[in-house]
**Q** 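One structure coming up, written as structure tokens, with questions to follow.
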Amino acid sequence: MINIVLFGPPGSGKGTQAQHLIEKYNLKQISTGDLFRYNMKNDTALGKLAKSYIDKGQLVPDQVTIDMLVDELRKPTETKGFIFDGFPRTAIQTDALESIVKEELNAEISVCLSLIVDDEVLVQRLLKRGETSGRTDDSKEEIIRDRIKEYYTKTAEVAELYKNQGKYAEVIGVGDISEISEKLFAEVEKIK
């Protein structure tokens with residue numbers, strides 16, 4: 001089983017590369033953003049709970065996110081592993097994910113793959129995406145820079161934890177999409 005934590009700041013190409021990893025290794029992507037949207041849209045108990053915090057302008061507690069993640073992992077799947085996208089973001093979440101993967105899948109996190117892209121490239125990519133996507137968070141440079149800064153602040157401790165475990169790999173996320181994919185595949189092959 002291959003279980004990947006996929007890192008990359010907004011605009012790094014993480015979504016595109018996740019699809020390539022899914023196709024190559026028959027993985028299932030679990031995005032915490034998608035889990036939140038699904039649970040709230042379908043008015044699940046966890047979705048209602050998450051919404052109650054969001055409506056008050058509060059952060060959703062880790063345990064709610066963790067419970068959504070466990071629910072998703074318990075769904076039947078024919079895949080050969082998972083890509084975790086958007087989780088973990090803190091040391092506490094990293095420990096929780098390690099426990100969940102061990103308990104629910106009898107496995108471990110294989111590798112944390114991190115896409116590295118210069119901030120100025122990220123800003124230009126996101127502004128360009130904002131022109132066509134209609135996403136308001138991609139239309140103002142100041143907001144984009146804040147999102148990038150927040151990403152680095154949040155993920156630094158998680159990256160350090162995976163580095164200490166020898167499970168962290170950086171791949172430059174600029175250039176030909178298929179070449180970037182091949183570099184990611186090469187990192188996955190190291191753990192197989």
Side-chain angles (χ1 to χ4, degrees), residues 1-22 25 27-42 44-54 58-75 77 79-117 122 137 146-165 167-171 173 184 187-188 191:
M1 177 171 266
I2 300 170
N3 295 303
I4 298 169
V5 170
L6 186 59
F7 271 3
S12 64
K14 193 171 54 166
T16 300
Q17 293 303 331
Q19 286 308 308
H20 292 192
L21 288 161
I22 288 165
Y25 296 105
L27 305 174
K28 178 178 180 182
Q29 183 176 10
I30 297 181
S31 157
T32 48
D34 290 347
L35 287 180
F36 274 91
R37 285 185 284 278
Y38 171 84
N39 279 278
M40 289 190 293
K41 180 181 169 205
N42 291 290
T44 68
L46 288 169
K48 288 177 187 174
L49 185 57
K51 191 173 179 342
S52 73
Y53 288 97
I54 292 167
Q58 298 172 345
L59 290 175
V60 178
D62 282 350
Q63 194 56 52
V64 176
T65 308
I66 289 165
D67 291 345
M68 286 182 187
L69 193 64
V70 170
D71 279 357
E72 191 64 24
L73 286 174
R74 288 181 176 165
K75 292 178 181 174
T77 181
T79 59
K80 294 187 173 19
F82 295 89
I83 295 176
F84 296 96
D85 175 4
F87 190 91
R89 287 287 188 249
T90 64
I92 291 167
Q93 289 179 356
T94 303
D95 291 341
L97 182 61
E98 296 281 341
S99 296
I100 292 165
V101 169
K102 187 173 187 148
E103 291 165 19
E104 297 296 325
L105 305 173
N106 195 25
E108 60 182 42
I109 296 299
S110 310
V111 67
C112 174
L113 297 175
S114 183
L115 288 166
I116 305 299
V117 179
L122 294 171
D137 59 342
D146 285 346
R147 285 170 52 211
I148 293 167
K149 184 178 173 186
E150 181 184 3
Y151 166 81
Y152 290 126
T153 302
K154 284 184 173 178
T155 60
E157 67 179 352
V158 177
E160 202 57 40
L161 286 169
Y162 284 117
K163 283 177 188 173
N164 291 338
Q165 294 178 28
K167 295 182 177 181
Y168 182 83
E170 292 182 346
V171 171
L184 290 170
E187 293 299 333
V188 173
I191 56 152

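Hydrogens, waters and symmetry mates are skipped; everything else that's a heavy atom, side chains included, is used.
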**Q** According to side chain to side chain donor-acceptor pair (under 3.5 Å), who are the partners of K28, at least two apart in sequence or on a separate chain?
**A** E72

**Q** Can you measure from CG (L21) to CG (L6) and round to the nearest 0.5 angstrom?
**A** 6.5 Å

**Q** Once side chain to side chain donor-acceptor pair (under 3.5 Å) is applied, do any residues pair with K51, and if so which ones, sequence neighbours excluded?
**A**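 If we apply the side chain to side chain donor-acceptor pair (under 3.5 Å) test to K51, skipping adjacent residues, the hits are D55.
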
**Q** Report the distance from atom CD1 of I83 to atom CD of Q17, rounding to the nearest 0.5 Å.
**A**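 One finds 10.0 Å between CD1 of I83 and CD of Q17.
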
**Q** Got a sec, which residues hit side chain to side chain donor-acceptor pair (under 3.5 Å) with T90, two or more places apart in sequence or on another chain?
**A**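 By the side chain to side chain donor-acceptor pair (under 3.5 Å) rule, T90 matches no residue at all.
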
**Q** Check whether NZ of the Lys or CZ of the Arg K75 lies under 6.0 Å from the centre of the six-membered ring of Y38 and within 45 degrees of that ring's axis.
**A**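 Satisfied, under 6.0 Å and within 45°.
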
**Q** Using 0.5 Å steps for rounding, measure from the OG1 atom of T94 to the CZ atom of F87.
**A** 7.5 Å

**Q** Can you sort out the partners of Y25 under ring pair (Phe, Tyr, Trp, His ring centres under 6.0 Å), two or more places apart, ordered by chain and number?
**A**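 With sequence neighbours excluded, Y25 shows a ring pair (Phe, Tyr, Trp, His ring centres under 6.0 Å) to F185, given in chain and number order.
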
**Q** My understanding is that only residues two or more places apart in sequence, or in another chain, count here; which of them pass side chain to side chain donor-acceptor pair (under 3.5 Å) with D34?
**A**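 Listed in chain order: R37.
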
**Q** First locate atom CD1 of I109, then atom CG of L97, and finally report the distance between them rounded to the nearest 0.5 Å.
**A** 4.0 Å

**Q** Which residue is it: D67, D71, T44? I am looking for the one with a side-chain hydrogen bond (donor to acceptor under 3.5 Å, both in side chains) to N39.
**A** T44

**Q** Keeping S12 on the side-chain end and L115 on the backbone end, is there a donor-acceptor pair under 3.5 Å?
**A**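 Between the backbone of L115 and the side chain of S12 there is no qualifying donor-acceptor contact (under 3.5 Å).
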
**Q** Could you check whether any side-chain heavy atom of Y168 comes within less than 4.5 Å of a side-chain heavy atom of V111, counting everything from C-beta outward?
**A** no

**Q** Can you pull out every salt bridge (Lys or Arg N to Asp or Glu O under 4.0 Å) where at least one residue sits in residues 93-107? Sequence neighbours excluded, please.
**A** R74-E104

